[in-house]
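Read through the structure below, which is laid out as structure tokens, and then see the notes.
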There are 2 protein chains.
Amino acid sequence: MARAALSADAVVDVALRLVDEEGSTALTLAAVASRAGVATPSLYKHVRNLAELRALLSVRILDELNDEISGAVQGRSADDAIRALLTTWRNYVLTHPHRYSALDQSPQPQVEQAGERLVNIMLAALRAYDLEDSAAIHAARCLRAVAHGFAVLEIDQGFQLPEKLNESYDLMIHMVITGLRTPAPKTVGPVE
Amino acid sequence: MARAALSADAVVDVALRLVDEEGSTALTLAAVASRAGVATPSLYKHVRNLAELRALLSVRILDELNDEISGAVQGRSADDAIRALLTTWRNYVLTHPHRYSALDQSPQPQVEQAGERLVNIMLAALRAYDLEDSAAIHAARCLRAVAHGFAVLEIDQGFQLPEKLNESYDLMIHMVITGLRTPAPKTVGPVE
DNA sequence: AGGCTTGGCTAATGACATTAGCTTTTGAGC
DNA sequence: GCTCAAAAGCTAATGTCATTAGCCAAGCCT
């Protein structure tokens, strides 16, 4: 190997710091290269292109979120676990808002894998509810949708009245928990 | 007035068609100009810049979503209204996936107004539950978070097992409704 | 007719991503 | 220690955008 300088991981490190400090829109190869003390095209030796860098960064972030959540869920179960999961998710988002909004929307396989890991944690947290397999998957999706939806809106919409957002989130947690405890509904046909 | 050709509205029309046909990433001033049969800089006579075009487009889309939802909620109340609202939201997203993903995240005031109109519809749908004012606001936020979160994940993640997404969504609707009917929880402190 | 306003155009600039092709470093094996 | 091939860097070039400046034509009002 030559010049023990950069590596794909190191590039992602730099990108992560950049996003933290200047927001996800500042994520350009030029900016990353500059921070890394390297010319822009040199990055291509470590990363296929900008899209791949975004994907790698998303994986890094999702894994970090994963870690925090699984730590928080450890040793808890049922309602307690769900509460911990959702609260930790939101805390992560609020602590690193730029990271969360840097998450890649485009469906790269690597990113999907990190997403699956997240789903597995949710399934583990749901185990205490004695759901059938498919019911557990539905529940996990709901958890994800709920946490993600609130996160996105809170980050880049701001809502208004910021002092009450905790209460809104508590209500949402309450909806999830009571919904899980109440017998599943018959599937309803489309409205209209 | 000269040359009765374009207008801000017409530009948004073109942009909307472009997004529908080629996806939200294809939304560039160059592409819009080309479709409008005009040179790129000419667009600046109608629109301040790309950011404003995005904002105008978002308003257009949010208003359309608003219309569909308020139509669906008309004449229904309580659980029925909530179900109609959420179902219509998802139907809109699935019918026009590109439009929904073209929605602007950056907080322009005009876009926020359109968002408020949406919140008002939700508050109307919630009226039957006899919530206090602030409780209704929390509930509306939850509705929005839930619908948006599921929409975003469904659009650009795809989940897997597409045949069961209806059931997942039904579960989420169930969570919302039972959560609204069950007494509000005491606010819980942060976990950990 | 004359002139202002409006909407359109061409040209120029600057930020990016990306590719091509050259050079240097360095580690592995001799 | 020497050689050399791969790795990692660089400069130069291209193409796509957004955006600005400055020019021109067309229509409307008087």
Side-chain angles (χ1 to χ4, degrees), chain A residues 1-59 98 101-108 110-111, chain B residues 1-19 21-60 98 101-108 110-111:
Chain A
M1 239 184 291
R3 206 83 53 76
L6 282 184
S7 69
D9 252 10
V11 171
V12 174
D13 284 346
V14 173
L16 186 60
R17 258 176 285 137
L18 175 67
V19 163
D20 273 342
E21 294 171 25
E22 306 183 34
S24 59
T25 60
L27 180 59
T28 71
L29 289 180
V32 170
S34 156
R35 278 188 175 232
V38 119
T40 308
S42 304
L43 296 177
Y44 287 84
K45 291 290 157 80
H46 305 285
V47 153
R48 191 189 312 287
N49 50 30
L50 178 59
E52 193 190 52
L53 175 56
R54 285 225 186 86
L56 291 175
L57 184 60
S58 295
V59 170
H98 293 319
S101 65
L103 282 180
D104 202 3
Q105 55 283 29
S106 64
Q108 304 277 326
Q110 331 149 20
V111 180
Chain B
M1 236 183 291
R3 210 84 54 76
L6 281 184
S7 69
D9 251 10
V11 171
V12 175
D13 283 348
V14 173
L16 186 60
R17 258 176 286 136
L18 175 66
V19 163
E21 294 171 23
E22 306 183 34
S24 59
T25 59
L27 179 59
T28 71
L29 289 181
V32 170
S34 156
R35 278 188 175 232
V38 118
T40 308
S42 305
L43 295 178
Y44 286 84
K45 291 291 159 81
H46 306 285
V47 153
R48 192 189 313 287
N49 51 29
L50 178 60
E52 192 190 50
L53 175 56
R54 285 224 186 86
L56 291 175
L57 184 61
S58 295
V59 170
R60 175 78 70 86
H98 293 319
S101 65
L103 281 181
D104 202 3
Q105 54 281 29
S106 63
Q108 304 277 325
Q110 332 149 20
V111 180

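The chains referred to below are lettered A, B, ... by the order of the sequence lines, with proteins before strands, and numbering in each begins at 1. Values reported hereafter were calculated over all heavy atoms of this structure, with side chains retained and with hydrogens, waters and symmetry mates removed.
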Minimum heavy-atom separation for A:Leu53 and A:Ala15, please, with both atom names. CD1-CB, 4.1 Å

In this structure, how many angstroms lie between the C1' atom of C:dA15 and the CG atom of B:Leu50, rounded? 14 Å

Let me know the distance between CG of B:Leu43 and P of D:dT20, rounded to the nearest Å. 13 Å

Minimum-distance nucleotide to A:Ala39 side chain [options: D:dC10, D:dT19, C:dC9]: D:dC10

Please report, rounded to the nearest Å, how far the P atom of D:dA26 is from the CG atom of B:Leu6. 17 Å

Taken to the nearest whole Å, CD/A:Glu52 to C1'/C:dT18 is 14 Å

Measure the distance from CZ on B:Arg54 to C1' on D:dC17 and round it to the nearest whole Å. 11 Å

Side chain of A:Tyr44: nearest nucleotide among C:dC16, C:dT18, D:dT19? C:dT18

note: B:Leu29, atom CG; C:dG8, atom C1'; distance rounded to Å ~ 16 Å

Carboxylate-amine/guanidinium proximity below 4.0 Å for A:Arg17 and A:Glu22: no

A:Leu57: which of A:Leu27, A:Val32, A:Leu18 passes side-chain contact (heavy atoms from CB on, under 4.5 Å): A:Leu27

Winner on side-chain proximity to B:Pro41, out of C:dA11, C:dA17, C:dG8, is C:dA11

Using whole Å, report how far NE2 of A:His46 lies from P of C:dT18. 16 Å

May I ask you to say what B:Ser42 touches in the nucleic acid, namely base, sugar-phosphate or nothing, with a heavy-atom cut-off under 4.0 Å? base

On a heavy-atom basis, which atom in A:Ser58 and which in A:Val111 lie closest, and how many Å separate them? CB-CG2, 4.1 Å

To the side chain of A:Lys45, which of D:dC10, D:dT19, C:dC9 is closest? D:dC10

